[in-house]
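Structure provided below as structure tokens; questions to follow.
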Amino acid sequence: MLSTVTGLHLPPLNHNTDSHSPQTLTATHLLNSFASPSELKQLHAHLIKTNSPLTSLPPSRIAFVCSLNPSFSYARKLFQHLETPETEAWNSCLKAFAEGNDPIDAILLFNQLQSFCVSPDSFTLSFVLKACTRLLDVSKGRGIHGYVEKLGFQSNLFLMNMILNLYTLCGGERDARLVFDKMPQRDVVTWNIMITQLVKRGEIKGAYDLFSQMPGRSVRSWTLMISGFVQCGKPKEAIGLFLEMEEAGVRPNEVTVVAGLAACADLGDLDLGRRIHEYSNQSGFSRNVRVSNTLIEMYVKCGCLEDACKVFDGMKERTVVSWSAMIAGLAMHGQAEEALRLFSEMIEKGMDPNDVTFVGLLHACSHIGFVDQGREFFTSMTNDYGIVPKIEHYGCMVDLLSRAGLLQEAHEFIINMPIKPNSVVWGALLGGCKVHKNIELAEEATKHLSELDPLNDGYYVVLSNIYAEAQRWEDTARVRKLMRDRGVKKTPGWSSITLDGVVYEFVAGDETHPQAQEIVQMWEKLVEKMKLKGYVPNTSVVLLDIEEDQKEKFLYRHSEKLALIFGLINTEPGTPIRIMKNLRVCEDCHAAFKLISAIVDREIVVRDRNRFHCFKDGSCSCKDYW
DNA sequence: CACCGTTGTC
């Protein structure tokens, strides 16, 4: 191939040859084939004779042919016949290369220009810098940087911003800082580049400091900061900023909307999510695939599976992300069959699944106990789709096996993993040990967890609860002491419910609430009816070594129960209730909610830290497998 | 003729 000789690759020719005059056709044919020096001479003559049809040809094509010619100066002669100045003609070639599939060509062409003393202007340099950035070639970039300064362009904001951006992407932090500090002027783009860098490094505080002190903010600045907060797990701050941006009269664009919706999804803020949806419809953003994908995610995580389906069904164009999001959403809501059906439909439509699609599918299987089906997906994903399982897939498999009670198999699966198991993997085994009461394997899992994730309180809590359930109080105490010694604190459980846009949070045993009295009275009335329907308080979940009647009192003050009763008191009969909990829902509350849903004839949707439980007519969407 | 921002899992 020619390209191997010259290092230049042929960019696609977007020219409709059919619609051209015979003369131009000749030229195009010539350009399409290998052009020897003599052919180029013919072309040259042709161009002169017909008076510049060259302008109608893509300059990158010309540059390509010219670069094949050992006498490069010939290209210059060609360009001298164009009406546009020579540098400008080269710039359009460089631009085409820099934005094409092989940005390296822009650099190679630029090198040739230099040796032939074609004088570069600021645009020339911008295209070369663009190529360096796309190639992440910081050493070439440094050379261009020097050149930019030599030519006296150091106060050209476009160029300096591009150099700064290149350094933030692949240079040292120091290089970027040096350029930033030395810049004679800065504009909003300069600041945005610096903020982007800090966000990527996870230095959200530093990013926000810059955001606060920058002179003028564009929509992009706001968007950057909002998505920065989302990325580092601070959806409250993201939403706060989103509202502040609206106050400031800045109109969100598609990207802002995506970031805002992601925050709503994480926080379960359905009200704002719906408002952003409405705004997206009005602004025509809903046609954007990414916006729709994030809308699906938002509705799924806010417990509105039907709304998510509506968005999905209404999409004109879907990507693998759309399908994966919907499959994962169905999985999260315990609709495994529907998730598998959607997968088949996806395959029928010729859409290729990716690794994330399979995480969703395995998730669906583990949440309903489709062990064999899950195993099949796990092998099929590699055999049929060539996807190498990642740690997430192993995590799902261990979860699938452990939940189903196949603890030995799960353990062997971990031991035989080709990659190092992480804390999620061992944590899944530990979770299964809790459900199926296997102390020995729980201890084995804990051994690994205290090395892999020693500061995560969840694992200590599960182990100590396993001991407590087995009445091994000394071991329980030992684990609690270990936690104290290591300075690990148990995350307090809370549940929240949103009414008229106000979030009400409850913690277990909360009696300071203004409606505490009413809540207790309502609960007592309910519990009587529940007991008639066979409710027996499951005091075994109260893992304290105390008297039975005391245990009942603790049980009745669980945060999710308080939130539910508060919701029942303060909403119209028949309206669905949505509750969020930061930890997993407790077993007794689960049993209670099923009965309550029938007694008060309400749909109760609970978002747990893992999944959704939708209680209706006395049963739960999880079919009690969780 | 140019620079900066976005989605899906555990």
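All chains are named by letter (A, B, ...) in the order of the sequence lines, taking the proteins before the strands, and each is independently numbered beginning at 1.
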Interatomic distance where CG belongs to A/Asn192 and P belongs to B/dT6 [whole Å]: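 Those two atoms, CG and P, are 11 Å apart.
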
For the student: nearest non-hydrogen atoms of A/Asp137 and A/Leu166, plus distance: O-CD2, 4.2 Å

Whole-Å distance separating the CG atom of A/Leu129 from the C1' atom of B/dC4: 15 Å

All salt bridge (charged side-chain N to carboxylate O under 4.0 Å, His left out) counterparts of A/Arg275, not counting sequence neighbours: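 A/Arg275 satisfies salt bridge (charged side-chain N to carboxylate O under 4.0 Å, His left out) with A/Glu246 only.
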
Euclidean distance, A/Ile239 CD1 relative to A/Ile276 CD1, rounded to 0.5 Å: 7.0 Å

Given B/dT9, B/dT6, B/dC4, the nucleotide with the shortest approach to the side chain of A/Arg220: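 Looking only at heavy atoms from C-beta outward on A/Arg220, the closest nucleotide is B/dC4.
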
Aromatic plane relationship, A/Phe413 with A/Tyr394 - under 30° parallel, 30 to 60° tilted, over 60° perpendicular: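 Rings of A/Tyr394 and A/Phe413: tilted, as their planes differ by 30° to 60°.
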
Presence of salt bridge, A/Arg341 and A/Glu337, under 4.0 angstrom: no

Touch class at under 4.0 angstrom, heavy-atom based, for A/Lys301 against every strand present: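 The residue A/Lys301 makes sugar-phosphate contact but no base contact.
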
Touch class at under 4.0 angstrom, heavy-atom based, for A/Ser122 against every strand present: base

Interatomic distance where CH2 belongs to A/Trp191 and P belongs to B/dC4 [whole Å]: 19 Å

Presence of A/Lys130 side-chain N/O under 4.0 Å of B/dC3 phosphate oxygens OP1/OP2: yes

Sugar-phosphate, base or nothing in reach of A/Thr294, heavy atoms under 4.0 Å: sugar-phosphate

Spacing between A/Met346 atom CE and B/dG8 atom P, to the nearest angstrom: 16 Å

Shortest side-chain distance from A/Ser126, nucleotide among B/dA2, B/dT7, B/dC1: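 Closest nucleotide to the A/Ser126 side chain: B/dA2.
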
Proximal nucleotide (of B/dA2, B/dT9, B/dG5) relative to the A/Phe123 side chain: B/dA2

Whole angstrom value for the distance that separates C1' of B/dC1 from CG of A/Asn156: 13 Å

Residues within residues 157-165 of chain A bordering DNA chain B, heavy-atom distance below 4.0 Å: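 By residue number: A/Phe158, A/Asn161, A/Met162, A/Asn165.
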
Sugar-phosphate, base or nothing in reach of A/Glu392, heavy atoms under 4.0 Å: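 Counting heavy atoms under 4.0 Å across all strands, the contact made by A/Glu392 includes a base.
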
Closest listed nucleotide, where the reference is the side chain of A/Val320 and the choices are B/dG8, B/dG5, B/dA2: B/dG8

Value rounded to 0.5 Å, distance of CZ in A/Phe229 from OH in A/Tyr208: 6.0 Å

Nucleotide nearest A/Asp187 (side chain, heavy atoms from C-beta), chosen from B/dG8, B/dC1, B/dC3: B/dC3

Whether A/Phe285 and A/Tyr279 hold their rings parallel, tilted or perpendicular, with breakpoints at 30° and 60°: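 Answer is perpendicular, since the angle exceeds 60°.
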
Touch class at under 4.0 angstrom, heavy-atom based, for A/Asn354 against every strand present: base

Distance, rounded to the nearest Å, where A/Ile226 contributes CD1 and B/dT7 contributes P: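 Distance check: A/Ile226 CD1 to B/dT7 P gives 12 Å.
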
Sugar-phosphate only, base, or nothing, as touched by A/Lys390 at under 4.0 Å among non-hydrogen atoms: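 No contact.
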
Sugar-phosphate only, base, or nothing, as touched by A/Phe127 at under 4.0 Å among non-hydrogen atoms: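 Answer is base: heavy atoms of A/Phe127 come under 4.0 Å of a base.
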
A/Lys234 atom NZ, over 12 foreign heavy atoms within 6.0 Å: no

Atom pair distance, as rounded to whole Å: CG in A/Asn253 and P in B/dT6: 12 Å

Protein-nucleotide distance (A/Leu198, atom CG; B/dC4, atom C1'), rounded to Å: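 Distance, rounded to whole Å: 14 Å.
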
